[in-house]
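Reading through the structure tokens given below for one structure.
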Amino acid sequence: MSADRRKILVTSALPYANGSLHMGHLVEYLQTDIWVRFQKLRGHDCIYVCASDTHGTPIMIKANELGESPESLVERVSAEFARDFADFGVDFDNFYTTHSPENEQLTVELYEALREKGDIYTKSIEQAYDEKKGMFLPDRYVRGTCPVCGAEDQYGDACENCHSTYTPADLIDPVSVVSGTTPVTRESEHYFFRLSDYEDRLKAWMASAKLDRAVVAKLDEWFEAGLQDWDISRDAPYFGFRIPGTDDKYFYVWLDAPVGYPASFMNLCARRDDLDFDEYWKPGHDTEVYHFIGKDIMYFHTLFWPAVLEGAGWRTPTSVFAHGFLTVNGQKMSKSRGTFITARTYLDNLDPNYLRYYYAAKLGPTIEDIDLNLEDFVARVNSDLVGKLVNIASRCAGFIGKRFDGKLADSLADPALFDEVAAASERIAGHYEQREYSKAMRLVMGLADKANRYIDEHKPWVMIKDESQQDAVQAVCTQGLNLFRSLMIYLAPVLPDVADRARSFLGEAEWHWENASTPLLGATINKFQPLLTRVEADKVNTMVEQSKESLAAEPAAEADDDTISIDDFMKVDLRVAKIAAADPVEGADKLLKLTLDLGDSTRQVFAGIKAAYDPATLVDRHVVVVANLAPRKMRFGVSEGMVLAAGPGGEDIFLLSPDDGAEAGMRVK
RNA sequence: GGUGAUGUAGCUCAGAUGGUUAGAGCGGCGGACUCAUAACCCGCAGGUCGGUGGUUCAAUUCCACCCAUCACCA
């Protein structure tokens, strides 16, 4: 089976050290940990490293607010991370920090290599500057009124209302989030990485990495749009590493964050004689490197990071595994609903093995989101783990313990059934390897059903009353316990604590994957203790209550009926408009760009009527337009209204027209 | 608006290169058992596989369009 011993280095994304871990983070760490434990159980050399991500403006500002140094903030939060991970059984070989000498050394090394190749250049850019605080402001730290739609209190880079993108300088009445003062625009010299040169090399890497379909689709989209060079510097004051040869320029946090992977590994190498840094990070070695990430940071891990490594002459990742987000009870996590559950709150109430199993039962290899449905969680865990799995041991152990002094029979009662479970070994392993955990769990639980059925058919509780059947009872229970044992080995990556307890119960020192295919016979086992107790729904409720944040104002309840008042209707400013020009839009199948005359103004509106109307016939026609619709940024420009039309779409779409006499600009009421 | 994903029993999800009665677990109902952490075993219920149209001898599975939800648009 495991023919060659593989050398594998695995990472999870670095948690940003400005807040607590929550259920969403855990999807990734548990997914990765299960994979790593599986590889180790199979006998491979698998190293799992991670670190806290510690640099950047948000941490600098947060530390400032708390009146402490960034160093002490990240140290405190990192220690909290480490405790949470340990308590969830996330078993890193090294959990380090990006604020480390190794990270600085490697970041500079990569940067220098890129610079020598000519892949770094400088360019002056304009950026918002807070004169009171004496610092440049990231776009997200400037808020103001959207210049396109007029929505108030929007971020400096994009409007959440109309989805326009712009720069902080475009905002109306911009305000620095840090000081509350009005920022000014200043020029500053920034360092750029020539990512645009890497398209071919990235495409070649992509093909070799066998990325998930959906990830490839997303990358293709980015290539299609054209790769932009990457701004890798930030001005002082900044919490990070200073760029060599400058006084006041720092590496952008997203440059040094992924370097945290090799840096954490380097830190581990210093303690482990068996590990050689270059073997995992320089070309020409037979090792594998995998990054587990969330789909939100694909851009950094599938473009920037491989390009930086490639450019600097390092090896590129074998692959990048992206997962989806977590919803709770079908919705985004919410503090008011109590579904924004931190790792610690969970641990205060529930056993981590429950969550490990539940996530495993739902996880696949794709970037699809998974849902933590709390009712389903209770039912699933109790039914699968306690009712089926642990129950197998529980119902056999009593007989062996009381009637046979804890001694297992010397042979199996039904070798064929055991072989059937053993034969599933490689299929289950294949599912783990492919991160098809939900399939692996289904397979294992199907076998657990068979084991329970087996016991039910042989009825040891009946046989035990017949003196001549004593050996048969021992054999049947030995059979049952061996089925349980094999299944438990299969689940050891998911349920490490339960597996440990089960192993001790069976009196074995250690387990390897292949042990599942050989029965344990003639051995003396220990007294059975409950391996896992049921999830109590009350505990889940308590956890939710503890996660609730009281909100000052509850959002107004939505009206139940769907009628509107006349006032509501009057909010809609419908106007007659004359089509001044109608043009097809390059690259859009359905859209026409209409230039509308509203009497006192003209505006541009995109309408999905291309299939139904020839642009030439539209000019000079009168139509009805929603004039006060928030402008919306589309790929092809800003649409400043909506032309009314009826019909299902495609060729069956019919514009509304006023009768003769109506003039451009008239209000419809 | 573009791109991608998703939409299958009350719930969580499988599945079908198109072909007789579409599956599992949970929940529900009925029965059986009493070894087991009220677990397990047997049986039943029930879904026009998001909608419309098309291709086909045949579509839930292929195609087109539509609707809904989610994500990304650096």
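For the numbers below, each heavy atom of this structure counts, side chains included, while hydrogens, waters and symmetry mates do not. Just so it is clear, the structure is predicted and the values come from calculations on it, not from any experiment. First the proteins, then the strands, lettered A, B, ... as listed; each starts at 1.
- Residue contacts shown for A:G364 are absent, as no nucleic acid heavy atom lies under 4.0 Å away.
- Nucleic acid contact class of A:N391 (heavy atoms, under 4.0 Å, all strands): base.
- As judged by a 4.0 angstrom heavy-atom cut-off over every strand, A:L532 is placed among the base-contacting residues.
- Residue A:R442 places no side-chain N or O under 4.0 Å from the OP1 or OP2 atom of B:rC13.
- Atom NZ of A:K450 and atom C1' of B:rA24 are 14 Å apart (whole Å).
- Between the P atoms of B:rC42 and B:rG27, the separation comes to 15 Å (whole Å).
- Taking the C1' atoms as reference points, B:rU60 lies 13 Å from B:rG23, given to the whole Å.
- At distances below 3.5 Å, not a single donor-acceptor pair connects side-chain atoms of A:Q31 with backbone N or O atoms of A:Y437.
- Residue A:K439 is classed as a sugar-phosphate contact, given heavy-atom separations below 4.0 Å to backbone atoms only.
- Following rounding to the nearest Å, A:F223 (CZ) and B:rG4 (P) show an atom-to-atom distance of 16 Å.
- For A:K295, no side-chain nitrogen or oxygen approaches OP1 or OP2 of B:rG4 to under 4.0 Å.
- B:rA45 sits 29 Å from B:rU37 when the C1' atoms are compared, rounded to a whole Å.
- The closest side-chain donor-acceptor pair between A:K450 and A:Y454, if any, does not fall under 3.5 angstrom.
- For the pair A:R453 and B:rC42, the criterion of a side-chain N or O lying under 4.0 Å from OP1 or OP2 is met.
- Side-chain contact of A:N373 with A:R380: a donor-acceptor pair under 3.5 Å is absent, judged by distance alone.
- Sparse packing is recorded around NZ of A:K539, with 12 or fewer heavy atoms of other residues, nucleotides or ligands lying under 6.0 Å away.
- Of the side-chain N and O atoms in A:K388, none sit less than 4.0 angstrom from OP1 or OP2 of B:rC40.
- Rounded to a whole Å, the OH atom of A:Y354 is 18 Å from the P atom of B:rC26.
- Contact annotation for A:V390: base contact, defined as any heavy-atom pair under 4.0 Å involving a base atom.
- Residue contacts for A:P460: at a heavy-atom cut-off of 4.0 Å it reaches no nucleic acid atom on any strand shown.
- Residue contacts shown for A:I367 are absent, as no nucleic acid heavy atom lies under 4.0 Å away.
- Rounded to whole angstrom, the span from the CZ atom of A:R380 across to the P atom of B:rC26 amounts to 10 Å.
- B:rU8 sits 25 Å from B:rG54 when the P atoms are compared, rounded to a whole Å.
- With rounding to whole Å, A:W461 atom CH2 is found 6 Å from B:rC35 atom C1'.
- In this structure, the CZ atom of A:F377 is 18 Å from the C1' atom of B:rG27, given to the nearest Å.
- For the OP1/OP2 pair of B:rA71 and a distance below 4.0 Å, the side-chain nitrogens and oxygens of A:K332 include at least one atom meeting the criterion.
- Dense packing is recorded around NZ of A:K459, with more than 12 heavy atoms of other residues, nucleotides or ligands lying under 6.0 Å away.
- Atom-to-atom, CG of A:D371 to P of B:rG25 comes out at 21 Å; the value is rounded to the nearest Å.
- A:G387 comes within 4.0 angstrom of the backbone, heavy atoms only, and of no base.
- In this entry B:rG1 has B:rC73 as its Watson-Crick or G-U wobble partner, both defining distances falling under 3.5 Å.
- Between A:Y354 and A:Y346, the distance separating the two ring centers is not shorter than 6.0 angstrom.
- Distance, A:E436 CD to B:rG15 P: 8 Å, rounded to whole Å.
- Taking atom C1' in both B:rC26 and B:rU69, one finds a spacing of 24 Å when rounded to whole Å.
- Searching all strands for a Watson-Crick or G-U wobble partner of B:rC41 with both distances below 3.5 Å returns B:rG31.
- Ring orientation note: the planes of A:F304 and A:W230 are close to parallel, at an angle under 30° on the 30°/60° scale.
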